[in-house]
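A note on names: the letters A, B, ... follow the listed sequences, proteins ahead of strands, and every chain is numbered from 1. In this text, all values refer to a predicted model and were calculated from it rather than measured experimentally.
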Protein chains: 2
Amino acid sequence: MSLASTGLASTAHGIGHTTMEDVAKLAGVSLKSVSRVINSEPHVSGKLRAKVEAAIAELNYVPDTAARSLAGSRTFIIGLLFDNPSPNYTMDIQKGVYEACRANQYHLRIDNVDSTVPREQLETQLLALVRNSRCDGFVLTPPLTDDMVLLDFLERSGIRYVRIAPAMQPDRSPGIGIDDRAAAAAMARHLWDLGHRRIAVLRGPASHSAASLRLDGFIETLGELGLEQTLIEADGGFSFDGGIRAGSEVLAMNPRPTAIFATNDDSAAGVMAACSQAGLKVPEDVSVCGFDDSWIARSVWPYLTTVYQPVEEMGRAAASLLLRRDEPEHGLRLLDFHLVVRDSTAPPKAV
Amino acid sequence: MSLASTGLASTAHGIGHTTMEDVAKLAGVSLKSVSRVINSEPHVSGKLRAKVEAAIAELNYVPDTAARSLAGSRTFIIGLLFDNPSPNYTMDIQKGVYEACRANQYHLRIDNVDSTVPREQLETQLLALVRNSRCDGFVLTPPLTDDMVLLDFLERSGIRYVRIAPAMQPDRSPGIGIDDRAAAAAMARHLWDLGHRRIAVLRGPASHSAASLRLDGFIETLGELGLEQTLIEADGGFSFDGGIRAGSEVLAMNPRPTAIFATNDDSAAGVMAACSQAGLKVPEDVSVCGFDDSWIARSVWPYLTTVYQPVEEMGRAAASLLLRRDEPEHGLRLLDFHLVVRDSTAPPKAV
DNA sequence: CAGTTTGGTGACAGGGCTGTCAAGTTCAGG
DNA sequence: CCTGAACTTGACAGCCCTGTCACCAAACTG
């Protein structure tokens, strides 16, 4: 086993590496004082701080991360761990996390996990990743958020982490999410208010726990509103193809539902394709709505009515939680969602 | 100016940090020998290597990156710099780069650039990013690939980089791409062979240089094939909305084109939406084809005929180029593309 | 006004690793 | 059996910071 078989020869980073010593010399202070200024430590007089800052600016000094993390015990790196769900979702989260990092002089490291491998192997892979990564904290996205082995390991090792949209044990650790139940309820009300009474809903994969929350919230609310006919359920699998399949299935029924709620946008797009295959117009013949307000919601025609969830903001919030230690709050913090009514839903045709 | 105003308190990384010294002791060799094994340096006897590797395995030792990069002058980090084009494209590249990093015990750092800010500010931002990042090398994606200020800076600082799909000065530095011209030519031939003679093509944004290569290759080839009628051109802007707009425009013409080539998948999806708005069936009434074979090509119905470009592979190749120093090849390395004929193209209706 | 606290600063010792160089070992050729 | 080249190994300094502790000055206390 060789830990590193290739390598870049020494690279001259930056031009003429300025070190803290240069700054100290120029400012006429000690090394430690420069360090204090850099780390915003207390007990630094304004005069000294000014001198040092001037010197830093003049020399265009940037502290060496490697040295910093060797000396201190922080790496100034946040790790983002994700599996491979929708690229849009991931990208948005990543953007949010990135911005929070940047704002705090942190760096973002990516670790991409492949969950298609056997469970055993996955665990080994995960643990090795985290061990090797030496990050100051991790942001976890679903479905990694619910990997108990991983969580146990992180906690046992004293590594901080924040989960985005965790499903299980929401109070176990800090988390960021939205109220999927309530969001789905809002969609139910929207369809109900439009006048729909024969409604279909597409399940997501069982492993994606938000999916079931959405399903539950939707069904429950329709029940409360007084829907008497049985709700039609089918499996949309959270994918375009799944949406086509489930959509066709549901549209073939007699009587046909007048509205279909797919619990994510990808499958909703699939449903719209199924409609077009069946020669049905959206929203005239069938209303279709999704969930997520992802990129694809505006890459279909008509534009999709969906639920906006602030994915990028969730990423930002997660990273911030990790960075500001002051607030060691446990439990899920819920962010605001809202209904985005676009063109794919309308009142059912008068019969 | 404070360089770091927040911070994580010292985190106990891993459990009971094993250091190289532990390994050396257990193996009964010197520190340096362990180092040699870890770095696969020459002049290490098989016996010694075996002892050390056994010790490493037993202790579950992982070298400390910070210390390594402080002592050596490598950071074991590859930076991926991107602007915000299509999330799908970016994600694929990222995945490829990530995998190459992982395979070489490197880490991937992300830096997201926002090119919507004024040019001046952008440059400052870019340079600061690169300086702060302290990476062993950077992978650049369009349009950053053609930012001469950035390239100059990197070269002046002796920082290695590889460009993905660079447009300008392809021989300036190592690069990875495909032959966009030839790929568009293949699409031209496909449509020609199907029997289309009245064809429209949608331009991409002028800033995206691959767009013009595709356009040129397409037009040129149709000319060579003997297309006599004038080709219809419109501006698709590489976006769904642009595709709808340009699509409607083109479809309103009389006589109507029988095939539309959008130079990326997003705008092709828009064209398909425009067809559906106009009550036209794809591919019966109009053939539509795109370019990229991105996620969206299979999130529309009918599935889109398009050109596959190995985006993930491009990312992998770029990172590998950065990592294996042996091959300091300059100039663009072209990867294979291929036509993906799906359901959105067919022979024109007999008139 | 002596006797404490507090605030501000610096000296110094590592942190875990790699580069350099020197020492020890092996083996071919004379 | 000796010499030098080539290989193998190790000692040690140093990469650039931060934590600890010690110091001195100023600002309190009763």
Side-chain angles (χ1 to χ4, degrees), chain A residues 3-4 7-14 16-25 27-52 56 59 61-76 105 131-132 134 136, chain B residues 2-4 7-14 16-52 55-56 59 61-76 105 132 134 136:
Chain A
L3 288 178
L8 264 34
S10 65
T11 317
H13 290 300
H17 243 201
T18 345
T19 76
M20 215 165 74
E21 201 177 336
D22 301 324
V23 177
K25 218 166 271 172
V29 300
S30 74
L31 275 177
K32 182 62 202 183
S33 292
V34 179
S35 171
R36 286 207 182 85
V37 172
I38 289 173
N39 294 293
S40 315
E41 286 173 26
H43 309 311
V44 179
S45 71
K47 230 187 321 179
L48 192 147
R49 155 166 289 115
K51 273 194 297 187
V52 172
I56 288 179
L59 295 175
Y61 168 70
V62 181
D64 182 297
T65 326
R68 280 230 283 181
S69 56
L70 181 55
S73 318
R74 315 147 52 182
T75 57
F76 299 94
Q105 309 289 331
R131 293 194 65 224
N132 282 292
R134 296 268 159 84
D136 284 348
Chain B
S2 99
L3 288 178
L8 264 33
S10 64
T11 316
H13 290 300
H17 245 201
T18 344
T19 77
M20 214 164 73
E21 203 177 332
D22 301 325
V23 177
K25 218 165 273 171
L26 179 61
V29 299
S30 74
L31 275 178
K32 182 62 202 182
S33 292
V34 179
S35 171
R36 285 206 181 88
V37 172
I38 289 172
N39 294 293
S40 315
E41 285 174 27
H43 309 313
V44 179
S45 71
K47 230 187 320 177
L48 192 149
R49 155 166 290 114
K51 273 193 297 187
V52 172
I56 289 179
L59 295 174
Y61 168 71
V62 181
D64 183 297
T65 326
R68 281 231 278 184
S69 58
L70 181 56
S73 316
R74 316 146 52 183
T75 59
F76 300 94
Q105 308 288 330
N132 282 291
R134 295 270 160 83
D136 284 347

Exercise. Starting at the 5' end of DNA chain D, which residue's closest nucleotide do you reach first, B/G46 or A/A67?
Worked result: B/G46
Problem set entry | 5′-ward residue of the pair B/A71/B/S45 relative to DNA chain D |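 Nearest nucleotide further toward 5': that of B/S45.
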Separation of atom [atom1] in [X] from atom [atom2] in [N], rounded to whole Å:
X     : N      : atom1 : atom2 : value
A/K32 : C/dG7  : NZ    : P     : 17 Å
A/L70 : D/dG19 : CG    : P     : 12 Å
A/K51 : C/dT9  : NZ    : P     : 8 Å
B/E21 : D/dG10 : CD    : C1'   : 14 Å
B/R49 : D/dC7  : CZ    : P     : 15 Å
A/E41 : C/dG10 : CD    : C1'   : 13 Å
B/N39 : C/dG16 : CG    : P     : 17 Å
A/R74 : C/dG15 : CZ    : P     : 19 Å

Exercise. Stepwise, does the side chain to side chain contact (heavy atoms under 4.5 Å, CB included) test hold for A/V34 with A/I38?
Worked result: CA-CA 6 Å; A/V34 179; A/I38 289 173; 3.8 Å; yes
Problem set entry | Donor-acceptor pair (no angle test) under 3.5 Å: A/R36 side chain, C/dG10 base | yes
Kindly point out which of [options] is positioned nearest to the side chain of [X]?
X     : options                : answer
A/H43 : C/dG16, D/dA11, C/dG7  : C/dG7
B/D64 : C/dG16, C/dT18, D/dG10 : C/dG16
A/L48 : D/dC17, D/dG10, C/dG10 : C/dG10

Problem set entry | Side-chain heavy-atom pair B/R36, B/V52 within 4.5 angstrom cut-off |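 They are not in side-chain contact.
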Exercise. Side chains of B/R68 and B/M20: closer than 4.5 Å at any heavy-atom pair?
Worked result: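 They are not in side-chain contact.
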side-chain N/O [X] vs [N] OP1/OP2, d < 4.0 Å:
X     : N      : result
A/Y61 : D/dC16 : no
A/S33 : C/dT9  : no
B/S30 : D/dG10 : yes
B/R68 : C/dG16 : no
B/S35 : C/dT18 : yes

Exercise. Near A/E41 CD, under 6.0 Å, is it more than 12 heavy atoms from other residues, nucleotides or ligands?
Worked result: yes
Counting any heavy atom closer than 4.0 Å, what does [X] reach on the DNA or RNA strands: base, sugar-phosphate only, or nothing?
X     : value
B/L31 : nothing
A/V34 : nothing
B/V29 : sugar-phosphate

Problem set entry | Non-hydrogen atoms of B/A66 and A/S69 that approach each other most closely | CB-OG, 3.1 Å
Problem set entry | Interatomic spacing from CZ in B/R134 to OG1 in B/T75 - rounded to 0.5 Å | 9.5 Å
